[in-house]
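Values reported hereafter were calculated over all heavy atoms of this structure, with side chains retained and with hydrogens, waters and symmetry mates removed.
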Amino acid sequence: MAVNYKELGLSNTTEMFKKAVEGGYAIPAYNFNNLEQMQAIIQACVETKSPVILQVSAGARKYANATLLRNMAKGAVEYAEELGYKIPVVLHLDHGDTFELCKDCIDNGFSSVMIDGSHHSYEENVELTKKVVEYAHAHGVTVEGELGVLAGVEDDVVAEESTYTRPEEVEDFVKRTGVDSLAISIGTSHGAHKFTPEQCTTNEEGLLVPPPLKFEILEEIEKRIPGFPIVLHGSSSVPQEHVATINKFGGAMKAAVGIPEEQLRKAAKSAVCKINIDSDGRLAMTAAVRQVMAENPSEFDPRKYLGPARDLLKELYMHKNINVLGSAEQA
Ligand code: G3H
Ligand code: 13P
Ligand code: ZN
């Protein structure tokens, strides 16, 4: 039997994005696939009074089970209230690649879906996105489309290089598909290894500085579709302290460079109203777990290492909401 997101107390993105574009901030879209991540996200967003998008990839759905994730999202709404503040919560499919997957999510409580047709030809992307929009809108669900390809790994698809979004396509795409928001490619990429050291310059402190985002493309897009909600994927900043902790306690991460926070802050002030962050959470959790394991080798109670991981995650998300996305106090 189908479950509509409204029965779960979830919201779609319409109101959220309107306020975010007008207010010059971005909504955090944090990926989750387990209890501790969900707890950390909700605790951080309640404490900072931020709206939130709980984001689930196809891989996460397979890993954690669709029924459990849906009920966790329902629980998240109640948990937030129990913590003392009602925040709008969206359950969003990240990188949906087929109509069938999007439909299944819409029929199972998701309030928002992404149909990522960016690896198809333009016309196929239009056709697929339009089909998802028609079904989604009939159920009150909002849809994110994508134009341009990000470098890195998107589920099972690996792209060596970015193909930046072509501003001349956005107006036609938005008009013909009816999407509610548009993910664009302006130099972000997925994963912790976004740039090779060769692609970076070195600053006075000897730190690697990645090439800046293509703000000129974003501005051109904004001129063509003024006020239309824009989404940035691949927006982890790769905190160096977490990479250092991982390596200090037995990890083996190569030099990893992310998107500088100031650039995300700048983007959030524009029509960018949703910023996707997954890898930073993975790094924080891994750093905390490795540290506990290394310092307490006899520990075998999962709560003793997942608890600190949850606390570090919460700290990370609070920092993002307050200092990077500007979503704090907006719920
Ligand atoms: O964009 C990709 C997200 O980080 C989800 O990653 O497919 O490994 O769950 P995943
Ligand atoms: P990061 O890998 O930079 O966290 O990006 C996540 C993302 O875009 C999820 O869709
Ligand atoms: Zn993504």
Test item: [X] and [Y] side chains (from C-beta on) under 4.5 Å apart, heavy atoms:
{"X": "Leu218", "Y": "Val272", "result": "yes"}
{"X": "Val133", "Y": "Val179", "result": "yes"}
{"X": "Thr142", "Y": "Val90", "result": "no"}
{"X": "Ile217", "Y": "Pro167", "result": "yes"}
{"X": "Phe32", "Y": "Gln39", "result": "no"}
{"X": "Met72", "Y": "Leu69", "result": "yes"}
{"X": "Leu232", "Y": "Ile186", "result": "yes"}
{"X": "Arg290", "Y": "Lys248", "result": "no"}

Determine, for [X] against [Y], whether the closest basic-nitrogen to carboxylate-oxygen distance falls under 4.0 angstrom.
{"X": "Lys314", "Y": "Glu47", "answer": "yes"}
{"X": "Lys223", "Y": "Glu219", "answer": "no"}
{"X": "Arg265", "Y": "Glu261", "answer": "no"}
{"X": "Arg166", "Y": "Glu169", "answer": "yes"}
{"X": "Glu123", "Y": "Arg176", "answer": "yes"}

With rounding to the nearest 0.5 angstrom, report the [atom1] to [atom2] distance, [X] to [Y].
{"X": "Met285", "Y": "Leu313", "atom1": "CE", "atom2": "CG", "answer": "5.0 Å"}
{"X": "Lys49", "Y": "Ile322", "atom1": "NZ", "atom2": "CD1", "answer": "11.5 Å"}
{"X": "Leu8", "Y": "Lys6", "atom1": "CG", "atom2": "NZ", "answer": "11.5 Å"}
{"X": "Asn108", "Y": "Leu93", "atom1": "CG", "atom2": "CG", "answer": "11.5 Å"}
{"X": "Ile27", "Y": "Thr13", "atom1": "CD1", "atom2": "OG1", "answer": "9.0 Å"}
{"X": "Asn33", "Y": "Leu54", "atom1": "CG", "atom2": "CG", "answer": "12.0 Å"}

Any side-chain to backbone donor/acceptor pair from [X] onto [Y]? Under 3.5 Å, distance only.
{"X": "Ser111", "Y": "Val141", "result": "no"}
{"X": "Glu144", "Y": "Ser112", "result": "no"}
{"X": "Asn296", "Y": "Glu299", "result": "no"}
{"X": "Gln263", "Y": "Pro260", "result": "no"}
{"X": "Asn4", "Y": "Glu7", "result": "no"}
{"X": "Tyr85", "Y": "Ala331", "result": "yes"}
{"X": "Asn125", "Y": "Ser121", "result": "no"}
{"X": "Asp278", "Y": "Asn31", "result": "no"}
{"X": "Thr129", "Y": "Val126", "result": "no"}
{"X": "Lys86", "Y": "Glu81", "result": "no"}

Could you check Leu207 against Thr202 for side chain to side chain contact (heavy atoms under 4.5 Å, CB included), going step by step and ending with a plain yes or no?
-> CA-CA 5 Å; Leu207 297 173; Thr202 311; over 6 Å; no
Using distance alone, with no hydrogens and no angle criterion, decide if His137 and Asp180 have a side-chain donor and acceptor under 3.5 Å apart.
->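 Yes, a side-chain donor-acceptor pair sits under 3.5 Å.
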Side chains of Tyr305 and Gln291: donor-acceptor distance under 3.5 Å anywhere?
->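 No - no donor-acceptor pair under 3.5 Å links their side chains.
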Aromatic centroids of His119 and His95 separated by under 6.0 Å =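 Ring centroids of His95 and His119 are no less than 6.0 Å from each other.
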Would you please indicate if the ring centroids of Tyr30 and Tyr317 are separated by under 6.0 Å?
-> yes
So, for [X] and [Y], which heavy atoms are closest and what is the spacing to 0.1 Å?
{"X": "Ile184", "Y": "Leu150", "answer": "O-CD1, 3.9 Å"}
{"X": "Phe195", "Y": "Val257", "answer": "CD1-O, 3.8 Å"}
{"X": "Thr188", "Y": "His233", "answer": "OG1-O, 2.8 Å"}
{"X": "Gly148", "Y": "Ser185", "answer": "C-CB, 3.9 Å"}
{"X": "Met253", "Y": "Ala192", "answer": "CE-CB, 4.1 Å"}
{"X": "Asn321", "Y": "Ser50", "answer": "ND2-CB, 3.6 Å"}

Taking it one step at a time, do Lys130 and Glu127 satisfy salt bridge (charged side-chain N to carboxylate O under 4.0 Å, His left out)?
-> CA-CA 5 Å; Lys130 190 166 178 275; Glu127 201 177 308; over 6 Å; no
Has Lys269 got its NZ or CZ under 6.0 Å from the middle of the six-membered ring of Tyr25, at an angle within 45 degrees of the ring axis?
-> no
Using the six-membered ring of Phe17, assess whether NZ or CZ of Lys274 lies under 6.0 Å from its centre and within 45 degrees of the ring axis.
->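 Judged by the rule, Lys274 and Phe17 form no cation-pi pair.
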For side chain to side chain contact (heavy atoms under 4.5 Å, CB included), just list the numbers for Ser236 and Arg282, CA-CA rounded to whole Å, side-chain angles, deciding distance to a tenth of an Å, and then say yes or no.
-> CA-CA 10 Å; Ser236 277; Arg282 297 178 181 196; over 6 Å; no
Steps toward side chain to side chain contact (heavy atoms under 4.5 Å, CB included) verdict (Leu306, Arg310) | CA-CA 6 Å; Leu306 293 178; Arg310 182 178 64 192; over 6 Å; no
Parallel, tilted or perpendicular: which fits the ring planes of Tyr122 and Phe173, with parallel below 30° and perpendicular above 60°?
-> tilted
Does [X] belong to the same Ile/Leu/Val/Met/Phe/Trp/Tyr cluster as [Y], with side-chain heavy atoms less than 4.5 Å apart forming each link?
{"X": "Val231", "Y": "Val143", "value": "no"}
{"X": "Tyr164", "Y": "Leu264", "value": "yes"}
{"X": "Ile277", "Y": "Val238", "value": "no"}
{"X": "Val132", "Y": "Val56", "value": "yes"}
{"X": "Val46", "Y": "Ile41", "value": "yes"}

CZ of Arg224: more than 12 outside heavy atoms within 6.0 angstrom?
-> yes
Please step through side chain to side chain contact (heavy atoms under 4.5 Å, CB included) for the pair Phe99 and Tyr135, ending with a clear verdict.
-> CA-CA 9 Å; Phe99 171 78; Tyr135 189 79; 3.8 Å; yes
Under the salt bridge (charged side-chain N to carboxylate O under 4.0 Å, His left out) rule, what do Glu78 and Lys74 come out as? Steps first, then yes or no, please.
-> CA-CA 7 Å; Glu78 292 171 28; Lys74 177 175 184 265; 3.8 Å; yes
